[in-house]
Amino acid sequence: MSGGSQLPAECARLAAALRELRERTGLSLAALGGRTAFSKSSWERYLNGKKLPPREAVEALCALADEPPGRPLALWELAEQRWTGRAASAPGATGSAPGVTASAPGATGGGAEDTPVSPPGPDTGRRPGRRVPRWSLVVGAVALAAAVPLALVLLSDEDATTGTAAGPGAPGSASVPSYAQSFEPGCHGADCEGADAQAMGCGAQGLPATLATRRSAGGQRIEIRYAEKCGAVWAKATGLRLGDRVELTLPGADAKEVRAASRRDTEIYLSTAMTATDDPRRARVCLRPAEGAAECFAAPGG
């Protein structure tokens, strides 16, 4: 934005969340453009807060990052209101959700909200040749009116617990329906052996199935994930503690291991490398905590 104007807080939060998701995928801007319906230049604008991304772009990035879309979409709803000016014009609106301040970072004043900066208009980011039917805009407006209260609830739930988004299966987390992906993953079968599920697109929403889940005595959550389209299995872990290790084994294959080596590793999810297999029921996963006894489990039928 020009003239040293400051990005509204709601828009800055959305951009920061999208950058974190993109970092988690490990994909470059060009790779994002190749795996989604939005161009490299559009992603650059979205991630830097220069343009409001379409809702579909947020959903696509969540899918690539294997992230439940509830919280990112809640942030998008609030940013969209501010971007279009509806937050200021809504009757009785204060522009804030529980635990979320409405004023832009660094704003001053004695309590009355300063006039918000008007960011550039929304950007579709879609490649030429795709037209949006007029009726869909009407439907979208109706959906937005119904979705904003949900956005506030989602953000409120997050702030009321630990300050971090609830993970899959955590109390209060939203159920996320899966859907088929139009793009092909970057590997299949033997080519996936030892590769990263996210980098290859095998972890994108709609591709993997969770074969088994275990919550350890220490609170760590471990999942056995399998993507039939990739022909590979891997382990996904959240809530690890510093020094914890997660090991995936299959008969006749090299063991795959991931370790929480830094504080950041304890704040995000970690995944082992993939093991190529057409029979994921033989997979066995062990959590080897830094303190305490190991806990192991297998997929049903294994």
Side-chain angles (χ1 to χ4, degrees), residues 1-87 104-105 116-141 143-144 147-148 151 165 176 179-186 198-207:
M1 299 179 66
S2 60
S5 53
Q6 202 169 37
L7 192 66
E10 295 87 344
C11 305
R13 290 190 189 98
L14 174 63
L18 295 182
R19 288 194 297 271
E20 182 178 347
L21 290 175
R22 180 253 176 148
E23 179 182 347
R24 188 185 301 177
T25 68
L27 297 175
S28 65
L29 293 178
L32 281 178
R35 291 181 178 271
T36 66
F38 307 94
S39 67
K40 172 185 174 181
S41 59
S42 293
W43 279 114
E44 188 277 330
R45 293 192 292 270
Y46 303 156
L47 298 176
N48 289 298
K50 299 175 182 178
K51 288 288 186 179
L52 176 69
R55 183 186 179 96
E56 295 88 346
V58 178
E59 293 173 337
L61 186 55
C62 288
L64 289 173
D66 198 19
E67 171 75 10
R71 183 174 185 274
L73 287 179
L75 292 172
W76 181 88
E77 300 287 0
L78 296 178
E80 197 272 346
Q81 276 199 325
R82 175 54 60 91
W83 225 294
T84 59
R86 280 199 287 270
V117 176
S118 298
D123 176 29
T124 64
R126 294 186 179 275
R127 296 183 176 90
R130 302 190 183 192
R131 300 184 61 185
V132 180
R134 182 173 298 177
W135 61 264
S136 68
L137 300 178
V138 177
V139 174
L144 174 62
V148 169
V176 182
Y179 56 91
Q181 293 293 335
S182 59
F183 64 83
E184 290 296 320
Q198 287 307 120
M200 293 292 104
C202 298
Q205 187 175 348
L207 286 186

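Fair warning: this is a prediction, and the values are worked out from it, not measured in the lab. Worth knowing before you read on, the calculation uses all heavy atoms, side chains too, and leaves out hydrogens, waters and symmetry mates.
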Could I get the full list of side chain to side chain contact (heavy atoms under 4.5 Å, CB included) partners for A199, not counting sequence neighbours? D196
Taking side chain to side chain contact (heavy atoms under 4.5 Å, CB included) as the definition, give me every residue that meets it alongside E23, ordered by chain and number, with sequence neighbours left out. R264
Side-chain touch [X]/[Y], heavy atoms, less than 4.5 angstrom:
| X | Y | value |
| --- | --- | --- |
| W76 | L52 | yes |
| T36 | W43 | yes |
| P54 | F38 | yes |
| P69 | V58 | no |

How far does [atom1] of [X] sit from [atom2] of [Y], to the nearest 0.5 angstrom?
| X | Y | atom1 | atom2 | answer |
| --- | --- | --- | --- | --- |
| R71 | C62 | CZ | SG | 10.5 Å |
| S41 | K51 | OG | NZ | 11.5 Å |
| L78 | L73 | CG | CG | 11.0 Å |
| K40 | L32 | NZ | CG | 11.0 Å |

Heavy-atom pair of closest approach, residues [X] and [Y]:
| X | Y | result |
| --- | --- | --- |
| W83 | C11 | CE3-SG, 3.1 Å |
| E67 | P72 | CG-CG, 4.4 Å |
| R82 | P8 | CG-CB, 3.6 Å |
| L207 | C202 | CB-O, 3.6 Å |
| R19 | N48 | NH1-CA, 4.2 Å |
| L18 | L61 | O-CD2, 3.4 Å |

With sequence neighbours excluded, tell me which residues meet salt bridge (Lys or Arg N to Asp or Glu O under 4.0 Å) with E20. none
Using the test side chain to side chain donor-acceptor pair (under 3.5 Å), find all partners of S28 that sit at least two apart in sequence or belong to another chain.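 Side chain to side chain donor-acceptor pair (under 3.5 Å) list for S28, sorted by chain: empty.
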Which residues satisfy the side chain to side chain donor-acceptor pair (under 3.5 Å) test with R22, sequence neighbours excluded? none
